Amino acid sequence: MALPFFRRQIPPNSVVQLKVRPADDAKDFWVASAQRQDFDGSNLPKWSDAQIRAGQTWKLTQPNAEYHGFVDLDFAKKSQAIVDLRIVRPDGTMHSTRYTPDQIGGPPLQRIFLHLFTKADGQ
Amino acid sequence: MKILATILSVACLVLAIPSFAADCAEDKSPGDCWRRLSGDSETAQTASATEADQETQAEEVGDLLAAPTGQETGGESLLSTTKNFLPLLAFTGLLSQGDAAQGEEDNFIADLNFLLPGGLGRNAQLQAVFNSKPKLASPITDAVDDEREATLTKRLTELDDITATFSYQWEGLNRGRSFERYRNRYEALIGQAKKSADAERVQALDTAQNNATSDINRLLVDCAKEARPEDPDRADEIDGITDPFSETFDRYRKLCGPEAETKMRSLVAQAASTAAEEVGLVRAAIKASGLDRFGELVDNQPQLFVTAKRRDRDPLVGGNETSGKVTFEWARTNLAASMPSDCHRELEGVAPSEDKVAACADRYRDFVAKNGAAIANGNRFSFAFEFADVSEAKIPLSTLLPGAGLADLTLPDSSKRIFSLGWSRDYAGPGSEPIRLDLVANYDDVSGDPIRRDRLVASLTLTRKINGFSVPLGIVYANHGEFLGDVDQVLSAHLGLKFDLFAAGGKPTP
């Protein structure tokens, strides 16, 4: 099971960026999906494999709030995917570090849990 | 009194969540604890050795199925019926340069993928190769001296040896073995399988994990808040922890005290344990739905590969040649058979209806349950037809080299047809690794070739995988030698050894 993507002290209005691509185009035997919860606990629309491959963004608007979710990589055969998961602050700089290790393999299912905490305004 | 209160509060905390507090007690960092509790560490892998062994066995079966044997390892006389045609399409780049030291010619290669009319797809490729250094045919070099050979060679240009190759891989809703063709079906079925997991339990575990991480964040926020009035630098340091799992428990003790460290260990254990249980439930649901066999079913799909080649040569180089090959492979227990055709169409669509996906998932699951053994060990069949026609070439040496006293040469035409039928199957071997049996029969019709004769060649190959090595052992029977004048019957045995130089992670393996 993959390590979680746990980040805190995120400035409000930062953006989560997610994109997954095959480590080897000839062994692209997986599908990705993602589920997310907004700061109020409500479920946001799921991201499909095609959407995640194209690259998705998720703006964390609420200060002093928490956002959760997970990214699934379902491997049909032995293969690896490269996960580019990061948070970009409103000023364009990256918050903390990118998700590592970025190369994830299977089968079976690998799930990256997302636990994101924004900091209070003015903090 | 204050000391007593602190002791009591720590005791209450430990008593409240004793099982989690113990679980991270020996770990250096939250990341280490997560990896261990989630089964990523060596310790955890040992604990679940049975499951790991089963997965390894399944992987090895898959590797063995995917590994080409026979022809690639034991010479042309050992043939395999199990191949993946996809690499055949992976032609090299636009320009290839031969190694002069090895005596190779420079070739200019032009590739063009194009869409075939009639919905046949973008699976065709046309390639043209211009040999920049064509060579004289050997009967000519045998007939002339070096000086005249050089004179004739100077007459040749890169347009005197051109090869055009057309290749086509037949793909459709249920044809071909490219995973891309089946990705939407897999995505739809996986989504349905996850719904079949114990939803209430999964939700409860998800909530518990979220709460644990929320408490970790709160612990650090409170720790910084308490430190700020007296030690703002320490408070800033705590606020600077943006990735709590990358820190060590020691640092939490130094920054926030032993009580916070104990609580942190407990919360991390809680988050990791609930995450591991949640993922375990979802993985079990996927397995129960038969989707752990999806890749094997794709590898059993029918596949057809066609190549046609035309080689235009100056008579000095040789006769013009037309050749082609059609290869077909099929296994009975495949993805196409796993569901009715309307399921394949609906699930491959953009937005299949939920009811349809659920119904198709049931059909798929039942098929896998009934055919579990046949998916890995079922019968596989192959058929191939190959032909080559070389036209006669007349070389007017008396005209090209006047005064040399040479007669004109004629290179005779020739033709061959090869029919091939193959069958393969995996059998349970000693230990956990299967033995693959390949039986291939070829009939070579070379009636147009003056120096060869028709013959039947049959080969039986046993491939055993031992510690990463594939060991093919083959027996080949031919009712004639390849050339006229050879012995009448040939029986030979071949033993090969095959291994991967580099594993997926780039580490050399035996």
Side-chain angles (χ1 to χ4, degrees), chain A residues 1-10 22-33 35 37 41 46 48-50 53 64-70 72 74-80 87 95-100 103 105-120 123, chain B residues 30-31 34-35 37-40 55 58-59 62-63 66 86-87 90 179-180 182-184 186-187 190-191 193-194 206-207 209-210 212-214 216-218 220-221 239-246 271-272 275-276 278-280 282-283 286-287 291-299 504-505:
Chain A
M1 189 177 71
L3 274 171
F5 187 61
F6 185 171
R7 296 291 183 270
R8 58 186 295 274
Q9 295 292 98
I10 302 167
D24 177 355
D25 285 339
K27 291 183 177 178
D28 183 359
F29 306 140
W30 48 269
V31 294
S33 60
Q35 292 193 30
Q37 279 179 10
K46 291 177 186 174
S48 69
D49 180 67
R53 283 168 189 265
N64 199 24
E66 56 190 81
Y67 298 80
H68 301 278
F70 56 79
D72 275 358
D74 291 287
F75 295 87
K77 287 199 278 181
K78 199 173 181 179
S79 52
Q80 292 190 314
I87 296 168
H95 177 76
S96 190
T97 54
R98 286 164 48 162
Y99 180 76
T100 52
Q103 194 152 318
L109 155 78
Q110 296 293 335
R111 176 168 284 185
I112 303 168
F113 289 99
L114 309 176
H115 301 295
L116 310 169
F117 298 87
T118 54
K119 63 181 179 182
Q123 190 184 337
Chain B
W34 179 283
R35 278 186 284 269
L37 292 178
S38 66
D40 277 1
E55 287 178 5
E59 281 180 9
D63 288 348
L86 298 177
F179 184 71
E180 191 59 38
Y182 310 102
R183 189 181 304 282
N184 288 356
Y186 183 62
E187 187 175 17
I190 278 285
K194 288 175 184 172
D206 206 42
T207 303
Q209 186 195 163
N210 293 347
T213 57
S214 184
I216 290 171
N217 180 56
R218 175 56 49 196
L220 292 172
V221 168
D239 279 342
I241 297 173
T242 56
D243 177 4
F245 273 51
S246 69
E278 179 182 332
V279 172
V282 179
R283 284 177 178 170
I286 291 169
K287 196 169 184 178
L291 286 164
D292 55 329
R293 312 300 300 274
F294 191 91
E296 292 173 75
L297 288 168
V298 170
D299 285 343

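Note that the coordinates shown come from a computational prediction; the quantities given were computed from them, not determined experimentally. Below, chain A is the first sequence line, B the second, and so on; all start at residue 1.
- When heavy atoms are compared at a cutoff of 4.5 Å, A/F75 approaches chain B solely by way of its backbone atoms N, CA, C and O.
- Expressed to the nearest 0.5 Å, how far CD of A/E66 lies from CZ of A/R8 amounts to 12.5 Å.
- Side-chain contact between B/L297 and B/Y182: absent, with no pair of heavy atoms (C-beta onward) separated by less than 4.5 Å.
- Under the 6.0 Å cut-off for aromatic ring centres, B/Y186 and B/F179 qualify, their centroids lying closer than that.
- Across A/R111, A/H95, A/Q37, the residue that shares the most heavy-atom pairs under 4.5 angstrom with chain B is A/R111.
- Interface residue A/F6: backbone and side-chain heavy atoms are both found under 4.5 Å from chain B.
- For a residue to count as touching a neighbouring chain, one of its non-hydrogen atoms must lie under 4.5 Å from one of that chain's; by this rule A/A23 does not touch chain B.
- Listed options B/I216, B/D206, B/L220 were ranked by heavy-atom pairs under 4.5 angstrom with chain A; first place goes to B/L220.
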Exercise. Verify side chain to side chain donor-acceptor pair (under 3.5 Å) between A/H68 and B/Q209, making sure each step is shown before the conclusion.
Key: CA-CA 10 Å; A/H68 301 278; B/Q209 186 195 163; over 6 Å; no

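- No other option in B/I190, B/V298, B/T242 has as many heavy-atom pairs under 4.5 Å with chain A as B/T242.
- Both the backbone and the side chain of A/R7 come within less than 4.5 Å of a heavy atom of chain B.
- Per-residue heavy-atom pair counts under 4.5 Å with chain A were compared for B/A272, B/P30, B/S214, B/G31, and the maximum is reached by B/S214.
- Side-chain contact between A/P22 and A/Q80: absent, with no pair of heavy atoms (C-beta onward) separated by less than 4.5 Å.
- Contact check for A/I10 versus A/Y67: no side-chain heavy atoms found under the 4.5 Å cut-off.
- Inter-residue side-chain proximity for A/S48 and B/E187 is flagged as met; some heavy-atom pair is nearer than 4.5 Å.
- Counting heavy-atom pairs closer than 4.5 Å to chain A, the top residue among B/N184, B/D292, B/L291, B/V282 is B/V282.
- Among A/D74, A/V31, A/D72, the residue with the largest count of heavy-atom pairs under 4.5 Å with chain B is A/D74.
- How far CG of A/D24 is from OG of A/S79: 9.0 Å, rounded to the nearest 0.5 Å.
- Only the side chain of A/T97 comes within contact range of chain B, with heavy atoms under 4.5 Å apart.
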